[in-house]
Amino acid sequence: MSFNDDVGLDTSQVESGGGGGAPGGAVVGGGIGGIIMLIIALIFGINPSDLPTGGGGSSDQQVDGTSTSGEAFERCKTGADANADVECRVIGTVNSVQAFWTAELPRYQKQWQPTKTVLYQGSTQSQCGTASNQVGPFYCPLDQKVYIDADFFAILEQQFGADGGALAQEYVVAHEYGHALQDQLGLLGRAQQDAQGPNSGAVRIELMADCLAGVWAKHASSTNGPDGKPFLKELTDADIKSALSAASAVGDDRIQEKTQGQVNPESWTHGSAEARQRWFLQGYSKGDLNQCNTFNVDRVS
């Protein structure tokens, strides 16, 4: 999905994270409803030891994990920049997703709470623990921020078989903002009602986020920036194929087969490749968040 070249980007919605240093352990945290929990917004459910750490360091100074240096993303001014640069593409997607939910939620008597993304290189600190490519992109409910290292998209393509299309990357961002929405609606803690299994609460939360990403995709080309111009062009069949390649690549069955050589549905936390694709398409075809209630069906995988 391509950005319209002349739409303006708002870099204030993104913070830059420090780079370098060895990544820490898997992200864990406390605090939703008093339940100590693994952060269920780790979209990929990948064993950290199975992933490379990603590369690079950042030229930004790291202060308490993040900085808000305007210089970090000053190259990201327009949709043309988002089409040419992966970090600018993340920023444009953050802008689009937040603009969509800001306009959409009042239809349901809700208000979107602005949620920043920390766009880092290498590793940085969140209130949920160390962010790195060993844990993948995630939403941290303790500081209410999304954490993404854009180098992860190359890992997703090279190690797990997603294609390199723009919507594959944008889907990841939109999925994490689906978790932010779940947090705002008081749903995120339901993942811990039963944390594993093909139809567990954890899987239902993840598939709901896939569906919410599909809802955004349905409306993305009609979601305007502050300058009144739509962020994104109309989706093509190739765009949808790209998003589905990412959804499939991060299915529990695909990852288990690749990393362990066998599939164990009882240990799933994120859903099968087929289910992840199906729920994204559910959101995309219906365009209505009410159609994303994965807790209202008997089976999701």
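What's counted below: heavy atoms across the whole structure, side chains too, no hydrogens, waters or symmetry copies.
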>> Between Leu9 and Phe73, does the side chain to side chain contact (heavy atoms under 4.5 Å, CB included) criterion hold? Intermediate values first, please.
In response: CA-CA 10 Å; Leu9 303 184; Phe73 305 116; over 6 Å; no

How are the rings of [X] and [Y] set relative to one another: parallel (under 30°), tilted (30 to 60°) or perpendicular (over 60°)?
{"X": "Phe3", "Y": "Phe231", "value": "perpendicular"}
{"X": "Phe138", "Y": "Tyr147", "value": "parallel"}
{"X": "His179", "Y": "His175", "value": "perpendicular"}

Could you check whether any side-chain heavy atom of [X] comes within less than 4.5 Å of a side-chain heavy atom of [Y], counting everything from C-beta outward?
{"X": "Pro198", "Y": "Val300", "answer": "no"}
{"X": "Asn199", "Y": "Arg299", "answer": "yes"}
{"X": "Val14", "Y": "Val118", "answer": "no"}
{"X": "Asn224", "Y": "Lys229", "answer": "no"}
{"X": "Ser126", "Y": "Cys140", "answer": "yes"}
{"X": "Leu187", "Y": "Phe295", "answer": "no"}
{"X": "Asp210", "Y": "Leu212", "answer": "no"}
{"X": "Thr78", "Y": "Val7", "answer": "no"}

>> For a side-chain hydrogen bond (donor to acceptor under 3.5 Å, both in side chains) check, start with the C-alpha distance between Asp151 and Asn133, then their side-chain angles and the critical distance, and finish with the verdict.
In response: CA-CA 8 Å; Asp151 287 343; Asn133 277 337; 5.1 Å; no

Is there a path of hydrophobic side-chain contacts, each under 4.5 Å between heavy atoms of I/L/V/M/F/W/Y residues, joining [Y] to [X]?
{"X": "Leu188", "Y": "Trp279", "answer": "no"}
{"X": "Val146", "Y": "Trp101", "answer": "yes"}
{"X": "Val297", "Y": "Tyr284", "answer": "no"}
{"X": "Leu207", "Y": "Val250", "answer": "no"}

>> Are there over 12 heavy-atom neighbours, none belonging to Lys77, within less than 6.0 Å of that residue's NZ?
In response: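 Above 12, so yes.
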
> Above 12 or not: heavy atoms from other molecules or residues under 6.0 Å from CG of Asp6?
Replying inline: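 Yes, because the 6.0 Å sphere around CG of Asp6 holds more than 12 heavy atoms from other groups.
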
Polar side-chain atom of [X] near backbone of [Y] as donor-acceptor pair, under 3.5 Å:
{"X": "Arg89", "Y": "Ala82", "answer": "yes"}
{"X": "Thr124", "Y": "Tyr120", "answer": "no"}
{"X": "Asp252", "Y": "His270", "answer": "yes"}
{"X": "Gln282", "Y": "Gln291", "answer": "yes"}
{"X": "Thr259", "Y": "Ile255", "answer": "yes"}
{"X": "Asp194", "Y": "Gly201", "answer": "yes"}
{"X": "Lys258", "Y": "Gln159", "answer": "yes"}

> Checking side-chain hydrogen bond (donor to acceptor under 3.5 Å, both in side chains) for the pair Tyr139/Asp143: CA distance, chi angles, key distance, verdict?
Replying inline: CA-CA 9 Å; Tyr139 169 72; Asp143 56 26; over 6 Å; no

Is it the case that [X] and [Y] place a side-chain donor and acceptor less than 3.5 Å from each other?
{"X": "Gln184", "Y": "Trp112", "value": "no"}
{"X": "Asn95", "Y": "Gln13", "value": "yes"}
{"X": "Trp216", "Y": "Glu170", "value": "no"}
{"X": "Asp239", "Y": "Ser242", "value": "no"}
{"X": "Thr11", "Y": "Glu74", "value": "no"}

So how far is it from [X] [atom1] to [Y] [atom2], rounded to the nearest 0.5 Å?
{"X": "Thr294", "Y": "Met208", "atom1": "OG1", "atom2": "CE", "result": "3.5 Å"}
{"X": "Tyr108", "Y": "Asn290", "atom1": "OH", "atom2": "CG", "result": "5.0 Å"}
{"X": "Leu185", "Y": "Leu105", "atom1": "CG", "atom2": "CG", "result": "6.5 Å"}
{"X": "Glu234", "Y": "Ser221", "atom1": "CD", "atom2": "OG", "result": "3.5 Å"}
{"X": "Leu181", "Y": "Leu289", "atom1": "CG", "atom2": "CG", "result": "6.5 Å"}
{"X": "Arg278", "Y": "Ser248", "atom1": "CZ", "atom2": "OG", "result": "13.0 Å"}

>> Assess the residue pair Thr117 and Tyr177 against the criterion (side-chain hydrogen bond (donor to acceptor under 3.5 Å, both in side chains)); give the C-alpha distance rounded to whole Å, side-chain angles, the decisive distance to 0.1 Å, and a yes or no.
In response: CA-CA 9 Å; Thr117 282; Tyr177 273 87; 2.9 Å; yes

>> side chain to side chain contact (heavy atoms under 4.5 Å, CB included), that's the test. Do Ile91 and Leu119 meet it? Break it down for me.
In response: CA-CA 9 Å; Ile91 292 169; Leu119 191 54; 4.3 Å; yes

> Step by step, would you call Gln256 with Ser267 a side-chain hydrogen bond (donor to acceptor under 3.5 Å, both in side chains)?
Replying inline: CA-CA 10 Å; Gln256 288 181 341; Ser267 67; 2.8 Å; yes

List the atom of [X], the atom of [Y], and the distance in Å for their closest heavy-atom pair.
{"X": "Leu232", "Y": "Ala220", "answer": "CD1-CB, 3.8 Å"}
{"X": "Tyr171", "Y": "Ala247", "answer": "OH-CA, 3.6 Å"}
{"X": "Val263", "Y": "Glu257", "answer": "CG2-OE1, 3.8 Å"}
{"X": "Val215", "Y": "His219", "answer": "O-CD2, 3.2 Å"}
{"X": "Pro230", "Y": "Asn4", "answer": "O-ND2, 2.9 Å"}

>> Using side chain to side chain contact (heavy atoms under 4.5 Å, CB included), reason through Val173 and Val94 one step at a time and then give a plain yes or no.
In response: CA-CA 7 Å; Val173 179; Val94 168; 3.9 Å; yes

> Does the ring of Phe160 carry Arg254 above it, NZ/CZ under 6.0 angstrom from centre and within 45° of its axis?
Replying inline: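 No; the conditions do not both hold, so Arg254 does not lie above the ring face of Phe160.
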
>> Do the side chains of Asp163 and Lys241 get close enough for a salt bridge, i.e. N-O under 4.0 angstrom?
In response: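 Not counted as a salt bridge, because no side-chain N and carboxylate O are separated by less than 4.0 Å.
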
>> So that I can tick it off, tell me whether Asp81 and Arg75 are bridged by a salt bridge, with the cut-off set at under 4.0 angstrom between side-chain N and carboxylate O.
In response: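 Salt bridge: no.
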
>> Working note: Lys145 + Glu15, criterion salt bridge (charged side-chain N to carboxylate O under 4.0 Å, His left out); need CA distance, chi angles, decisive distance, verdict.
In response: CA-CA 10 Å; Lys145 295 178 181 179; Glu15 298 175 353; 3.1 Å; yes

>> Please evaluate residues Arg276 and Leu244 with respect to the criterion side chain to side chain contact (heavy atoms under 4.5 Å, CB included), reporting the C-alpha separation (whole Å), side-chain torsions for both, the decisive distance (0.1 Å), and the verdict.
In response: CA-CA 8 Å; Arg276 301 202 73 162; Leu244 292 177; over 6 Å; no

